[in-house]
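Below is one structure, written out as structure tokens; comments come after it.
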Amino acid sequence: MQNILVTGGAGFIGSHFIRYLLREYPSYKIVNLDALRYSGNLDNLRDIEGDPRYTFVQGDICDAEKVDEVMGEHEIDALVNFAAETHVDRSLMEAGSFIQTDVYGTYILLEAARKYQVERYHQVSTDEVYGQVLEGSSLETDPLLTRSPYAASKAGADLMCHAYFVSFNIPVTITRGSNNIGPYQYPEKVIPLFITNAIDDLPLPLYGDGRQMRDYQYVSDHCEGIDVVLHRGQPGEVYNLGTEVETFNIDMARMILKLLGKPESLIQHVRDRPGHDRRYSLNCDKIKALGWRSRHTFEQALEKTVQWYVDNEWWWRKIKSGEYMEYYSRQYEGR
Ligand code: DAU
């Protein structure tokens with residue numbers, strides 16, 4: 001494995017993963033294929049732009065010709081797919097682009113993996129494919145009981161990966177990660193949204209009773225987990241990837257306000273997300289058996305994340321305008 005195609009590498013997790021690979025594997029060459037849609041942002045990669053081992057190509061994973069060209073030209077021997085529409089609330093407004101990018105785009109990449117006989121195709125998936133887990137924790141063998149169009153599209157992609165492993169022997173691995181937090185996360189996701197609103201003394205729109213739970217992991221821990229599976233995981237296998245610690249949304253909101261020295265009166269309960277999954281919970285024994293451990297507690301991860309947004313207003317202030325504000329008012333007005 002030397003020439004790695006990272007798709008969706010201008011997004012939040014993908015950009016961290018590229019930086020991580022360049023640091024950990026000095027001989028690797030990385031090609032980043034990203035369509036630069038609303039949440040793809042080359043500012044996320046500013047510090048590595050001039051690295052001779054890194055190439056950026058603008059393009060859509062649904063564009064078979066473009067994917068083929070990149071695979072051939074750069075002699076790609078491994079592919080890691082981060083490219084996806086990822087925001088649950090947007091999938092409730094419009095599901096078509098999720099099916100297109102997440103399912104059809106994955107199929108295009110799998111076809112390319114098949115043609116170029118890659119050593120590994122890795123699919124970055126999500127704990128949301130299991131559906132809500134009111135008690136206990138999900139195992140990799142549990143059924144996929146998705147409840148949002150976003151989760152259903154990711155589950156479709158997982159199943160397509162499995163089909164390509166069985167039918168064509170493509171060496172596919174899948175990680176199903178819990179919620180990520182850290183620098184460069186687009187501020188539609190709850191943690192950067194709450195941090196940046198709190199900095200500006202704006203309300204924190206908390207859905208429903210705020211007693212939904214999420215396992216928030218630090219993005220660099222997630223990248224390490226993907227790396228472990230990419231290099232040591234078994235083809236055809238799925239690996240859950242999270243901290244195994246869940247936090248209530250209301251507690252997360254209070255912690256952010258405390259870190260920023262802002263009053264709890266900024267929390268505003270708003271109408272709940274339709275079909276809101278109350279809890280996800282992963283059993284991560286399988287990836288731990290490969291030697292991976294999460295390095296950050298939620299408190300440490302949150303503290304670092306809050307500090308980054310305080311120090312990097314240049315990054316998020318320009319995002320919070322234009323398309324973002326249109327989405328924000330459609331999503332939150334009258335709620
Ligand atoms: O679990 C992994 C998943 O985490 C990823 O697959 C998704 O791509 C990612 O978007 C995330 O999904 P969530 O729906 O859990 O993330 P989000 O940040 O949208 O919401 C986290 C929790 O906060 C959830 O219980 C809904 C709640 N929430 C969210 C927003 C945006 C609020 O209370 N208010 C909000 O304004």
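In listed order, ligands and their atoms are each counted from 1.
Salt bridge Asp158/Arg176: present, at least one basic N to carboxylate O contact under 4.0 Å. In this structure, Arg90 pairs ionically with Glu323, as a charged nitrogen and a carboxylate oxygen lie closer than 4.0 Å. Look at Arg278 and Asp209 and you find a salt bridge, because one of the NZ, NE, NH1 or NH2 atoms lies within 4.0 Å of a carboxylate O, short of that distance. Using a cut-off of 4.0 Å between Lys/Arg side-chain N and Asp/Glu carboxylate O, Asp51 and Arg19 are scored as not salt-bridged.
Protein neighbours of ligand 1 below 4.0 Å, counting non-hydrogen atoms: Thr86, His87, Val88, Asp89, Thr126, Asp127, Glu128, Tyr150, Gly177, Ser178, Asn179, Glu188, Lys189, Val190, Leu193, Phe194, Pro205, Leu206, Tyr207, Gln212, Arg214, Tyr216, Asn249, Arg273, His276, Tyr332.
Smallest separation of non-hydrogen atoms from Thr106 and Ala157: OG1-CB, 3.6 Å.
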Pair Gln331-Met93, side-chain contact (heavy atoms from CB on, under 4.5 Å): steps then yes or no: CA-CA 9 Å; Gln331 173 64 13; Met93 290 174 179; 3.1 Å; yes
